[in-house]
2 protein chains.
Amino acid sequence: MKDPQTIFHEYLVRNKLKMTPQRRLILEVFLASGEHLASEELYRQVRDRDPSIGQATVYRTLKLLHDAGIAGSYHFGDGVVRYEPRYGQQHHDHLICERCGKNIEVVDEKIERLQEELAKRHGFVLTGHRMYLYGLCSECRTA
Amino acid sequence: MKDPQTIFHEYLVRNKLKMTPQRRLILEVFLASGEHLASEELYRQVRDRDPSIGQATVYRTLKLLHDAGIAGSYHFGDGVVRYEPRYGQQHHDHLICERCGKNIEVVDEKIERLQEELAKRHGFVLTGHRMYLYGLCSECRTA
DNA sequence: TTCTGTGCAAATGATTTGCAGCCAG
DNA sequence: CTGGCTGCAAATCATTTGCACAGAA
């Protein structure tokens with residue numbers, strides 16, 4: 001698997017777009033931070049390294065990273081889009097506590113396989129999926 | 001299972017809230033329309049029956065219906081929250097074509113069961129879940 | 001040189017909220 | 001009566017866009 005920098009660069013060339021210091025920096029910070037990141041949060045981190053960078057550039061770059069397949073997007077239910085790297089971390093789903101907001105990353109191979117089958121049964125080929133499980137964690141349940 | 005009107009009424013009483021003609025009408029239209037409905041769309045339908053009703057009231061009532069457990073909320077990825085009745089229709093997940101936007105409702109009992117187990121393994125008790133499968137439908141794939 | 005990228009501020013679109021009067025309990 | 005409700009318009013919040021200038025290729 002090629003590294004994200006290379007993938008991004010190839011994506012830019014393929015679409016006649018340009019590599020810039022801003023895009024390079026945003027990608028670097030994005031890859032280093034991991035956790036489901038809102039544009040706003042990424043913007044704050046990027047600004048620490050280069051205060052001249054604009055909010056809009058972060059939004060625009062995040063969209064590019066998503067189109068390039070480098071960032072996956074998540075909608076947890078507040079009105080904010082969150083992103084996280086798709087390379088360097090394996091796919092996972094989310095188990096969310098409705099009381100305390102705890103957000104656990106989970107994977108279940110059997111479910112993944114059944115999702116494929118379910119899609120195939122309807123003539124679909126899957127490109128991705130999102131699964132959000134909402135409930136109460138043990139602490140919140142006993143408290 | 002009690003009917004939605006009763007559930008709503010009990011919810012209102014329990015929270016010292018009041019039943020009003022607006023809320024009654026909004027609930028009625030909501031239940032009759034089914035399909036994943038944005039507040040905006042519901043507002044338009046409600047207005048046909050009572051043009052004096054305000055947009056904000058629809059937003060406020062939809063939130064009440066959600067809190068009362070009568071409406072489930074869905075986030076498909078455009079910035080709009082959609083609702084649909086949780087009573088009178090069985091739970092389902094979504095298979096979405098990324099090209100043509102086709103949105104098929106699906107259920108897989110085996111997956112449902114595995115979700116419960118997965119949650120239990122992490123000490124959670126589930127209250128609900130959302131699963132969105134993204135891909136290409138057969139038509140879009142061959143076109 | 002030629003476009004594409006950038007920062008800024010203004011624009012957008014969905015949803016929320018303040019307020020003065022209305023009305024259910 | 002009283003405190004919750006309503007419509008309206010203004011306010012928010014996340015995100016997008018127009019624009020003039022800057023800077024990759």
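All chains are named by letter (A, B, ...) in the order of the sequence lines, taking the proteins before the strands, and each is independently numbered beginning at 1.
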* Between D/dC5, D/dC8, C/dT6, which nucleotide has the shortest distance from any of its atoms to the side chain of A/Arg23? ->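 Nearest to the side-chain atoms of A/Arg23, counting from C-beta on, is C/dT6.
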On DNA chain D, compare the nucleotides closest to B/Ile53 and A/Val80; which residue's is nearer the 5' end?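 It is B/Ile53 whose nearest nucleotide is closer to the 5' end.
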The contact string for nucleotides 19-25 of chain D, one letter per nucleotide 5' to 3', using protein heavy atoms under 4.0 Å with B, S and - for base, sugar-phosphate only and none, comes out as ----BBS
Given atom [atom1] of [X] and atom [atom2] of [N], what is their separation to the nearest angstrom?
| X | N | atom1 | atom2 | answer |
| --- | --- | --- | --- | --- |
| B/Leu64 | C/dT16 | CG | P | 12 Å |
| A/Leu12 | C/dT6 | CG | P | 10 Å |
| B/His75 | C/dA14 | NE2 | P | 15 Å |
| B/Asp50 | D/dC5 | CG | C1' | 14 Å |
| B/Glu41 | C/dA14 | CD | C1' | 13 Å |
| A/Gln55 | D/dA14 | CD | P | 9 Å |
| B/Tyr83 | C/dA14 | OH | C1' | 11 Å |
| A/Leu62 | D/dT16 | CG | P | 10 Å |

Side-chain touch [X]/[Y], heavy atoms, less than 4.5 angstrom:
| X | Y | answer |
| --- | --- | --- |
| B/Asp93 | A/Leu118 | no |
| B/Phe8 | B/Leu65 | yes |
| B/Thr61 | B/Gln22 | no |
| A/Glu112 | A/Val107 | yes |

| said: Do A/His36 and A/Glu41 pair up side chain to side chain, a donor and an acceptor below 3.5 Å, judged on atom types alone? | reply: no
Contacts of B/Arg82 and A/Tyr43 projected onto DNA chain C by closest heavy atom; the upstream (5') one is A/Tyr43
inquiry  = Working note: B/Glu105 + B/His91, criterion side-chain hydrogen bond (donor to acceptor under 3.5 Å, both in side chains); need CA distance, chi angles, decisive distance, verdict.
reply    = CA-CA 9 Å; B/Glu105 305 186 346; B/His91 158 76; over 6 Å; no
* To do: Please state whether the phosphate of D/dT16, meaning OP1 or OP2, lies under 4.0 angstrom from any side-chain nitrogen or oxygen of A/Lys63.
  =>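 Yes, A/Lys63 has a side-chain N/O under 4.0 Å of OP1/OP2 on D/dT16.
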| said: So, does A/Tyr59 get its side chain near the phosphate of D/dT15, meaning an N or O under 4.0 Å from OP1 or OP2? | reply: yes
Could you pull out the protein-nucleic contacts involving nucleotides 10-12 of chain D (nitrogen or oxygen on both sides, under 3.5 Å)?
none

Q) If you group Ile, Leu, Val, Met, Phe, Trp and Tyr by side-chain heavy-atom gaps below 4.5 Å, do A/Tyr11 and A/Leu27 land in one group? A)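 Same hydrophobic cluster.
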*According to a 4.5 Å side-chain heavy-atom criterion applied to Ile, Leu, Val, Met, Phe, Trp and Tyr, with indirect links allowed, do A/Ile7 and A/Leu62 form part of one hydrophobic cluster?*
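Per the 4.5 Å side-chain linkage, A/Ile7 and A/Leu62 are co-clustered.
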Note: with side-chain heavy atoms under 4.5 Å as the link, the other cluster members for A/Phe76 come out as A/Tyr74, A/Ile96, A/Tyr132, A/Tyr134, B/Tyr74, B/Phe76, B/Ile96, B/Tyr132, B/Tyr134
